[in-house]
Participant: 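Structure incoming, see below.
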Amino acid sequence: MNISVMAVSFPLDQETMEEIKQLIAEAETADQVDYTTLLSVVELSDFYTKGFCLIAYDDDSDRLVGVLTSIDRIATLDFEWSGVVLPSARRLGIGERLVKELGRNLEIRGAATDFALIPDSSVAGQELLHKFGYTFDFQERTMAAEAVIEELDSEVEVSRYTNEESEVVRVLVNAFGDNEEEAKALIDFNTQTPNRQLMIAKLCDELVGTFTLVEDGDKLWVTGLSVHENARGKGVATNLLNWAKCEANRMGKASVYLDVESDNDQALSIYKKVGFTTESNTHFYKKS
């Protein structure tokens with residue numbers, strides 16, 4: 001089998017998107033893994049997505065046999081990437097070809113960091129990453145809850161972000177340890193990218209929390225949920241998650257999804273209490 005690997009920029013054209021979706025469908029059936037989310041497929045046809053895609057074709061059949069997506073989500077040269085090879089074409093070195101080409105493209109773009117995302121069940125993926133000098137960094141859970149109507153705390157006011165930049169920056173810096181520049185970059189990304197809506201939460205007229213809603217088919221994702229330390233223990237996070245479930249129900253979505261680091265016991269306790277259950281686990285590897 002003669003394989004050609006090429007890099008393509010976002011947004012991807014419709015024909016390439018269809019080929020990727022077909023490959024992923026076969027891989028998901030074989031592996032029981034949600035590659036659609038892992039490779040951020042929804043973002044690949046978006047003009048605002050930063051990064052690149054590597055595609056591998058069998059020259060003889062002109063069939064797509066491998067794909068790797070590398071995304072610089074908030075344009076800080078910090079790339080997250082993941083890939084998959086067609087089940088019938090595995091053990092032919094296609095994965096290695098993709099990772100080698102990835103390294104070349106990351107170097108060209110001056111990448112600051114790069115994280116590889118693989119499902120926790122992928123032994124072959126772990127071996128490949130170790131071969132290229134990647135080491136395990138952390139694990140993240142994807143959790144989901146049914147989109148249903150919940151009773152909300154009337155003291156917590158949830159609304160769309162308008163011009164509260166300084167207050168949101170204060171919350172993000174306190175909750176995540178970001179610096180002001182990173183916090184502002186995150187705000188810009190969440191307010192300028194389609195299908196994303198930055199939300200704020202006030203308690204007694206003080207902005208104490210923020211999160212982002214992301215539409216993805218019949219799913220509604222909650223990302224960047226943060227509450228200022230002065231307002232923790234007052235049920236703010238619980239109310240925001242219940243609000244998101246109500247909003248998803250209003251929008252006709254089936255479920256609300258979120259990601260959380262597996263060692264964040266405090267957040268996990270809150271999410272489980274609100275009805276979120278683990279759907280999958282993803283390992284993050286970083287180049288040594």
Side-chain angles (χ1 to χ4, degrees), residues 34 36-38 40 42 73 117 119-120 138-161 164 167-168 170-178 183 186-187 190 195-284:
D34 181 9
T36 300
T37 298
L38 206 59
S40 302
V42 172
R73 191 152 275 110
L117 285 63
D120 61 348
F138 65 94
Q139 178 175 295
E140 196 171 75
R141 295 190 192 188
T142 296
M143 306 183 75
E146 186 180 357
V148 294
I149 301 298
E150 299 280 9
E151 184 176 351
L152 302 177
D153 183 348
S154 59
E155 293 186 358
V156 179
E157 178 188 352
V158 181
S159 61
R160 292 189 175 189
Y161 170 90
E164 302 88 354
E167 296 169 276
V168 173
R170 178 178 61 87
V171 171
L172 292 174
V173 169
N174 176 266
F176 294 147
D178 295 342
L186 185 61
I187 292 171
N190 285 321
N195 298 324
R196 302 180 76 93
Q197 181 62 58
L198 182 62
M199 310 298 297
I200 60 172
K202 292 184 177 182
L203 182 63
C204 300
D205 293 326
E206 180 184 0
L207 197 154
V208 296
T210 181
F211 63 102
T212 298
L213 298 178
V214 184
E215 290 191 61
D216 178 10
D218 65 347
K219 303 174 184 176
L220 186 66
W221 286 82
V222 172
T223 70
L225 175 63
S226 55
V227 177
H228 195 281
E229 61 184 357
N230 293 339
R232 291 173 192 164
K234 299 180 181 180
V236 175
T238 296
N239 196 75
L240 296 186
L241 292 168
N242 281 331
W243 185 93
K245 291 161 71 176
C246 292
E247 179 67 4
N249 180 277
R250 184 192 69 78
M251 297 171 68
K253 308 293 186 182
S255 306
V256 178
Y257 280 73
L258 56 80
D259 290 324
V260 58
E261 290 190 27
S262 296
D263 61 356
N264 191 339
D265 294 333
Q266 183 177 13
L268 285 169
S269 177
I270 294 172
Y271 299 156
K272 290 177 181 177
K273 182 180 178 182
V274 181
F276 283 81
T277 58
T278 300
E279 293 276 307
S280 63
N281 292 282
T282 301
H283 288 182
F284 284 68

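Being a predicted model, the structure only gives us computed values, none of them experimental.
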Participant: Looking only at heavy atoms, what is the nearest atom pair of Arg196 and Thr223, with distance?
Facilitator: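 Reported closest heavy-atom pair: NH2-OG1, 3.6 Å.
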Participant: Would you check if Glu206 and Glu167 make a side-chain contact, meaning some heavy-atom pair closer than 4.5 Å?
Facilitator: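 No, side chains not in contact.
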Participant: Find the distance between NE2 (His228) and CG (Leu172) and round it off to the nearest 0.5 Å.
Facilitator: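 Reported value, rounded in 0.5 Å steps: 10.5 Å.
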Participant: More than 12 foreign heavy atoms under 6.0 Å from CD of Glu155: is that the case here?
Facilitator: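 Counting neighbours around CD of Glu155, 12 or fewer heavy atoms of other residues, nucleotides or ligands fall under 6.0 Å, so no.
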Participant: If only side-chain N and O atoms count, and only distance matters, is there a donor-acceptor pair under 3.5 Å linking Ser280 with Asp34?
Facilitator: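 Not at all, the side chains of Asp34 and Ser280 share no donor-acceptor pair under 3.5 Å.
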Participant: Which residue in the set Thr212, Ile187, Thr210 passes side chain to side chain contact (heavy atoms under 4.5 Å, CB included) when paired with Tyr161?
Facilitator: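 Result: among Thr212, Ile187, Thr210, Ile187 is the only option passing the side chain to side chain contact (heavy atoms under 4.5 Å, CB included) with Tyr161.
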Participant: With a 4.5 Å cut-off on side-chain heavy atoms, are Lys245 and Glu146 touching?
Facilitator: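 In short, these two side chains do not touch, never coming nearer than 4.5 Å.
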Participant: Could you state the interatomic distance from CG (Asn264) to CD (Glu140), rounded to the nearest 0.5 Å?
Facilitator: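 The CG atom of Asn264 sits 10.5 Å away from the CD atom of Glu140.
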Participant: Within this structure, what is the CG-CG distance for the pair Asp205 and Leu203, rounded to the nearest 0.5 Å?
Facilitator: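 Output value for this atom pair is 9.0 Å.
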Participant: Could you check whether any side-chain heavy atom of Tyr271 comes within less than 4.5 Å of a side-chain heavy atom of Leu258, counting everything from C-beta outward?
Facilitator: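 Of all side-chain heavy-atom pairs linking Leu258 with Tyr271, at least one is under 4.5 Å.
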Participant: Can you confirm whether Leu213 sits close enough to Met199 that some side-chain heavy atom of one is under 4.5 Å from a side-chain heavy atom of the other?
Facilitator: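 Yes, close enough: below the 4.5 Å cut-off.
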Participant: Got a salt bridge between Arg250 and Glu247, using NZ or NE/NH1/NH2 to carboxylate O under 4.0 Å?
Facilitator: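 The answer is yes: the pair qualifies as a salt bridge.
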Participant: Mind checking whether Ser255 and Leu220 have side chains closer than 4.5 Å, heavy atoms only?
Facilitator: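 Contact flag for Ser255/Leu220 side chains = no.
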Participant: Check Ala231 against Val208 and note the closest heavy-atom contact, atom names and distance.
Facilitator: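 It is CB-CB, 3.6 Å.
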Participant: Can you give me the closest heavy-atom contact between Asn239 and Asp153, atom names plus distance?
Facilitator: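 Minimum heavy-atom contact is OD1-N, 2.5 Å.
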Participant: Could you measure the distance from the NZ atom of Lys202 to the OG atom of Ser159? Nearest 0.5 Å is fine.
Facilitator: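 Reported value, rounded in 0.5 Å steps: 6.0 Å.
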Participant: State, with a plain yes or no, whether a side-chain heavy atom of Lys219 is found less than 4.5 Å away from one of Lys253.
Facilitator: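 Of all side-chain heavy-atom pairs linking Lys253 with Lys219, none is under 4.5 Å.
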Participant: Can a side-chain donor-acceptor contact be found between Thr282 and Arg141 if the only test is distance below 3.5 angstrom?
Facilitator: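 No, Thr282 and Arg141 have no side-chain donor paired with an acceptor closer than 3.5 Å.
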Participant: Using every non-hydrogen atom in the two residues, find where Gly275 and Ala145 come nearest and quote the distance to one decimal.
Facilitator: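 The answer is O-CB, 3.6 Å.
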Participant: Using a 4.5 Å cut-off on heavy atoms from C-beta on, say whether the side chain of Leu240 contacts that of Val156.
Facilitator: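 Side-chain contact under 4.5 Å: yes.
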Participant: Grab the two heavy atoms, one from Val256 and one from Phe276, that are nearest each other, plus how far apart they are.
Facilitator: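 That closest heavy-atom pairing would be O-CE2, 3.4 Å.
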Participant: Relative to each other, are the rings of Trp243 and Phe211 parallel, tilted or perpendicular (30° and 60° limits)?
Facilitator: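 Geometry flag for Phe211 against Trp243: perpendicular rings.
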Participant: Would you say the side chain of Gln139 lies within less than 4.5 Å of the side chain of Phe284, judging by non-hydrogen atoms?
Facilitator: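 A side-chain contact is absent here, since even the closest heavy-atom pair is not under 4.5 Å.
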Participant: Quick one: closest heavy-atom pair of Val227 and Val236, and the distance?
Facilitator: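 Taking every non-hydrogen atom into account, CG2-CG1, 4.0 Å.
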Participant: Before giving the answer on side chain to side chain contact (heavy atoms under 4.5 Å, CB included), spell out for Val214 and Val42 the whole-Å C-alpha distance, their side-chain angles and the decisive distance to 0.1 Å.
Facilitator: CA-CA 11 Å; Val214 184; Val42 172; over 6 Å; no
Participant: If you draw a 6.0 Å radius around CD in Glu229, do more than 12 non-hydrogen atoms from other residues or ligands fall strictly inside?
Facilitator: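 Yes.
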